[in-house]
Amino acid sequence: MDQIIIHVDMDAFYASVEIRDDPSLKGRPVIIGSLPHERGVVATCNYEAREYGVHSAMNIKEAYRLCPQGVYLHPNFVKYKAVSQQLHSLWDEYASASENIALDESYLDVTDTAGTFEKAREFAHEIKRRTKEELGLTCSVGLAYCMAAAKTASEEMKPNGYFEIPTPRDFTDLVIDRDVSVLYSVGKKTKEKLHSIEIYTVRDLIDRQDEVVALLGSNGRILLQLAEGIDERRVVPYRPEDAKSISREITFQEDVRDYTLLEDVLLLLSISVADRSKRYGLHGSGVVLKVTYSDMKGITRSKSTRSCDSAVSIHKEAVEMLSALKKRPVRLIGVGVFNLTGGRLRQMTLDEIFGTGISEDSKSLDEALEDLNVRYGFEVSKYIGKLDKGELLHRVAEDMRVHRLYR
Ligand code: DCP
Ligand code: MG
């Protein structure tokens, strides 16, 4: 076995922090996001609220319908970020490399620090115990021989769970009768494609390997490896909160001449950039636009501005810069915010600190999305909030491109 990986994920993170700091909330359904009379969505909720069917990304009105007796609170990102730093520095003690993929979630490479699986198991239990004792919060921990299995393991017994998957064989045995989406690379489209040839479970994948490869090509081979429990990714030391810039970009399958489409894709990219910065409590001081033309000539334009905290403001700046460029066919487009300050250095408005209150921006974002839904004939807005996944962003943009082509 050449890797030993621990995956840690906090339970109902934002909600648990609020409950820790106000014990009168204990035992009640707690929903973090906007208040029921505001526009907005559920960021997260505790497990008590989940029993009513409430979940992350659900419209707050729907949450209220399911759970009117819940306690509704605005998120306090400044606080979550501080807690996150404490968590990560505790967990880092155990790893030679840690990849912090969210405020509340990390992959820890303990191959060398633990040396053996048994010792790593001790680490895992110690991480759970110390996270509870020192921070007053519960987490779920997975221990495995690779990243994918470690993540599956940490989800297995949530909340306050521990689970281990020592070998690829154990991984496959565990997931063999589950839906193919248990494999991390299976998104909605891949799942639909697999369903179209009546492959539903991991077992179906393994039984019908030739058909999977015929259907999905090289992606199919990777998928089959995953089904056999093989994931060769390494933990890459990464702290998103250290980022000096956050950007997203997209390369189209075919060059795009339609600048309306480019503006619309920029909106998706801006949403994703704004979400990421918000997640990590970061604030930019300028917007950068990147364009690569079909002849591979690349251009970047940037503009310093304080108003780049919301998707709408990032988008507005990016569109302005785009409109000043030569209208030649485009192969790649990207947008980002730079000079991220980590929030503390900058005076934040109360709205920003308390997050999801109704701002003019969020109203016009809703309108902009509604407009996309109508013009592209599919529910583009459905994917908002999930655009963090590179693959999904790419697919939505491709669907939009193809729609414009055949309209
Ligand atoms: N989050 C968010 N919007 C989402 C998903 C998550 O704002 N659509 C925030 C709130 C969560 C935090 O990120 O507390 C961590 O996300 P997780 O997916 O790990 O969810 P939780 O930690 O809340 O719950 P779980 O116990 O399922 O991990
Ligand atoms: Mg979590």
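Since the structure is predicted, the reported quantities are computational estimates derived from the model, not experimental observations. Counting starts at 1 for both ligands and their atoms, following the listed order.
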### Message
Is the contact between Arg50 and ligand 1 made by the side chain, the backbone, both, or neither, using heavy atoms and a 4.0 Å cut-off?
### Response
side chain
### ligand 1 N/O within reach of Met10 N/O, cut-off under 3.5 Å
yes
### Task
Kindly confirm whether the Mg ion (ligand 2) is within less than 2.8 Å of some N/O/S atom in Glu105?
no
### Task
Kindly compute the distance separating CG (Asp11) from OG1 (Thr138), expressed to the nearest 0.5 Å.
3.5 Å
### Query
What's the spacing between Ser140 OG and Asp104 CG if we round to 0.5 Å?
10.0 Å
### Query
Is Arg331 paired with Glu254 through a side-chain N to carboxylate O contact shorter than 4.0 Å?
no
### Task
Determine which of the N, O or S atoms in Asp9 is closest to the Mg ion (ligand 2) and give its atom name.
OD1
### Task
Measure the distance from atom 26 (O) of ligand 1 to every protein heavy atom, then report the residue, atom name and distance (to 0.1 Å) of the closest one.
Tyr47 OH, 2.6 Å
## Note on the structure
Counting from 1 in the order shown, the ligand 1 atoms closer than 4.0 Å to a non-hydrogen atom of Phe13 are 14 (O), 21 (P), 22 (O), 23 (O)
### Query
What about Asp11: any of its N or O atoms under 3.5 Å from an N or O on ligand 1?
no
### Task
Describe, in one word, how the ring planes of Tyr14 and Phe77 are oriented to each other, choosing from parallel (under 30°), tilted (30 to 60°) and perpendicular (over 60°).
perpendicular
### atom 18 (O) of ligand 1: any protein heavy atom closer than 4.0 Å
no
### Task
To the nearest 0.5 angstrom, please state how far the SG atom of Cys146 sits from the OH atom of Tyr107.
9.0 Å
### Message
Students should be able to answer this: which protein heavy-atom is nearest to atom 1 (N) of ligand 1, and at what distance?
### Response
Ala43 O, 3.5 Å
### Atom pair CD1 (Ile4) and CZ (Arg121), whose distance is rounded to the nearest 0.5 Å
10.5 Å
### Message
I need the Met10 CE to Leu87 CG distance, nearest 0.5 Å.
### Response
4.5 Å
### Message
If I apply the N/O under 3.5 Å rule, does Ala12 come out as touching ligand 1?
### Response
yes
### Task
Identify the protein heavy atom lying closest to atom 23 (O) of ligand 1, giving its residue, its atom name and the separation to 0.1 Å.
Thr44 OG1, 2.5 Å
### Message
For the residue pair Arg401 and Tyr376, would you count it as a cation-pi contact if the rule is NZ or CZ under 6.0 angstrom from the ring centre and within 45 degrees of the ring axis?
### Response
no
### Query
Among protein heavy atoms, which lies nearest atom 8 (N) of ligand 1, and at what distance?
Ser56 CB, 3.8 Å
### Message
Counting only heavy atoms closer than 4.0 Å, does ligand 1 sit against the backbone of Lys158, its side chain, both, or neither?
### Response
side chain
### Protein heavy atom at shortest distance from atom 14 (O) of ligand 1
Tyr14 N, 3.1 Å
## Note on the structure
Result for side-chain hydrogen bond (donor to acceptor under 3.5 Å, both in side chains) between Ser106 and one of His88, Glu99, His7 points to His88
### Query
Any N/O/S atom, backbone or side chain, of Thr44 lying under 2.8 Å from the Mg ion (ligand 2)?
no
### Query
When rounded to the nearest 0.5 angstrom, what distance separates CD in Glu198 from CG in Asp204?
9.5 Å
#### Entry: Asp104-ligand 1 polar pair, N/O distance under 3.5 Å
yes
### Query
Is there an N/O/S atom in Asp104 at a distance below 2.8 Å from the Mg ion (ligand 2)?
yes
## Note on the structure
From the list Leu224, Asp231, Ile230, side chain to side chain contact (heavy atoms under 4.5 Å, CB included) partner of Glu228 resolves to Ile230
